[in-house]
Amino acid sequence: MADLRVLLIGATGVFGSRLAELASREAGVGLTLAARDRAKLDALAARLEGSATMAIDRTTLTAANLVGFDLVIDAAGPFQASAPTVIEAAIAARIPYI
C-alpha cells in the first residue's frame with residue numbers, strides 16, 4: 001500500500017502529464033490520474049505503470065470524490081477562469097490541496 005495517495009487532476013495536460021511522470025517514479029506514492037478525456041487518460045496510464053485512473057469533471061467534484069486520498073493536486077487549466085470547486089471539496093474533505 002502506498003504511503004501517500006495522490007489525486008492528480010488535469011493529468012493529461014502539459015503540466016499535469018509531466019508531473020504525473022515524475023510522481024509515478026516516486027516510491028511510496030499511490031498516484032491516481034484524473035481528467036475529463038478518458039482516451040487520453042487511459043493512454044497516459046498505460047505509459048505509467050501502477051497508476052490508477054478516474055474520469056472526472058472538476059466543476060462537479062465533491063468531498064465524497066476525495067475519500068481515500070491524502071493529497072489533491074489540481075493541474076487542470078485554464079487557471080485564471082477556474083471556479084474554486086476543487087479547493088472547496090478538498091477543504092470539506094480535510095485533504096491538502098496544491
Side-chain angles (χ1 to χ4, degrees):
M1 181 172 193
D3 298 325
L4 182 67
R5 296 159 304 182
V6 177
L7 175 63
L8 174 57
I9 300 170
T12 58
V14 174
F15 180 71
S17 63
R18 290 178 180 172
L19 185 56
E21 289 178 22
L22 291 171
S24 70
R25 297 181 202 144
E26 292 297 319
V29 174
L31 186 61
T32 298
L33 308 171
R36 291 177 295 180
D37 187 319
R38 174 52 80 176
K40 287 182 181 179
L41 195 55
D42 289 342
L44 178 61
R47 287 195 338 257
L48 306 177
E49 290 184 31
S51 296
T53 61
M54 179 179 178
I56 62 163
D57 180 346
R58 75 178 200 203
T59 62
T60 59
L61 191 79
T62 67
N65 299 119
L66 303 180
V67 171
F69 293 105
D70 301 309
L71 175 66
V72 176
I73 301 172
D74 187 2
F79 302 106
Q80 67 276 15
S82 297
T85 310
V86 179
I87 297 168
E88 291 168 349
I91 290 169
R94 296 183 172 274
I95 298 172
Y97 167 90
I98 297 173

Enquirer: For residues 88-98, which residue pairs pass the salt bridge (Lys or Arg N to Asp or Glu O under 4.0 Å) check, not counting sequence neighbours?
Expert: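 Pairs touching residues 88-98 that pass the test: none.
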Enquirer: Is there a chain of hydrophobic side chains (I, L, V, M, F, W, Y, each step under 4.5 Å between heavy atoms) that links I73 to I95?
Expert: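 Hydrophobic grouping puts I73 apart from I95.
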Enquirer: List the residues meeting side-chain contact (heavy atoms from CB on, under 4.5 Å) with I87, not counting sequence neighbours, and say none if there are none.
Expert: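 With sequence neighbours excluded, I87 shows a side-chain contact (heavy atoms from CB on, under 4.5 Å) to I91, Y97, given in chain and number order.
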Enquirer: Report yes or no: do V86 and L8 belong to one cluster of Ile/Leu/Val/Met/Phe/Trp/Tyr joined by side chain heavy-atom distances under 4.5 Å?
Expert: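 Each belongs to a different hydrophobic cluster.
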Enquirer: Honestly curious: do V6 and I98 fall in one hydrophobic cluster under the side-chain, below-4.5 Å linking rule?
Expert: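 Yes, because V6 and I98 connect within a single hydrophobic cluster, where side-chain heavy atoms sit under 4.5 Å apart.
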Enquirer: Enumerate, atom names and distances included, each donor-acceptor pair closer than 3.5 Å involving a side-chain atom of residues 18-35, sequence neighbours excluded.
Expert:
residue, atom, partner, partner atom, Å
E21, OE2, R47, NH2, 3.0
S24, OG, A20, O, 3.3
S24, OG, E21, O, 2.9

Enquirer: Roughly how far apart are S51 OG and L44 CG, rounded to 0.5 Å?
Expert: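 Answer for the OG-CG pair, S51 versus L44, is 7.0 Å.
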Enquirer: Side chains of residues 54-72: which donor-acceptor partners sit under 3.5 Å, not counting sequence neighbours?
Expert:
residue, atom, partner, partner atom, Å
D57, OD1, T59, N, 3.0
D57, OD1, T59, OG1, 2.8
D57, OD2, T59, OG1, 3.2
R58, NH1, D74, OD1, 3.4
R58, NH1, A76, O, 2.3
R58, NH2, S82, OG, 2.4
T60, OG1, D57, O, 3.2
T62, OG1, A64, N, 3.4
T62, OG1, N65, OD1, 3.1
N65, OD1, T62, N, 2.8
D70, OD1, R5, NH2, 2.6
D70, OD2, R5, N, 2.8
D70, OD2, R5, NE, 3.0
D70, OD2, R5, NH2, 3.4

Enquirer: Tell me whether L48 shares a hydrophobic cluster with F15, the cluster being built from Ile, Leu, Val, Met, Phe, Trp, Tyr side chains joined at under 4.5 Å.
Expert: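 Result: yes, single cluster for both.
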Enquirer: For residues 31-41, which residue pairs pass the salt bridge (Lys or Arg N to Asp or Glu O under 4.0 Å) check, not counting sequence neighbours?
Expert: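 Listed once each, the pairs are R38-D42.
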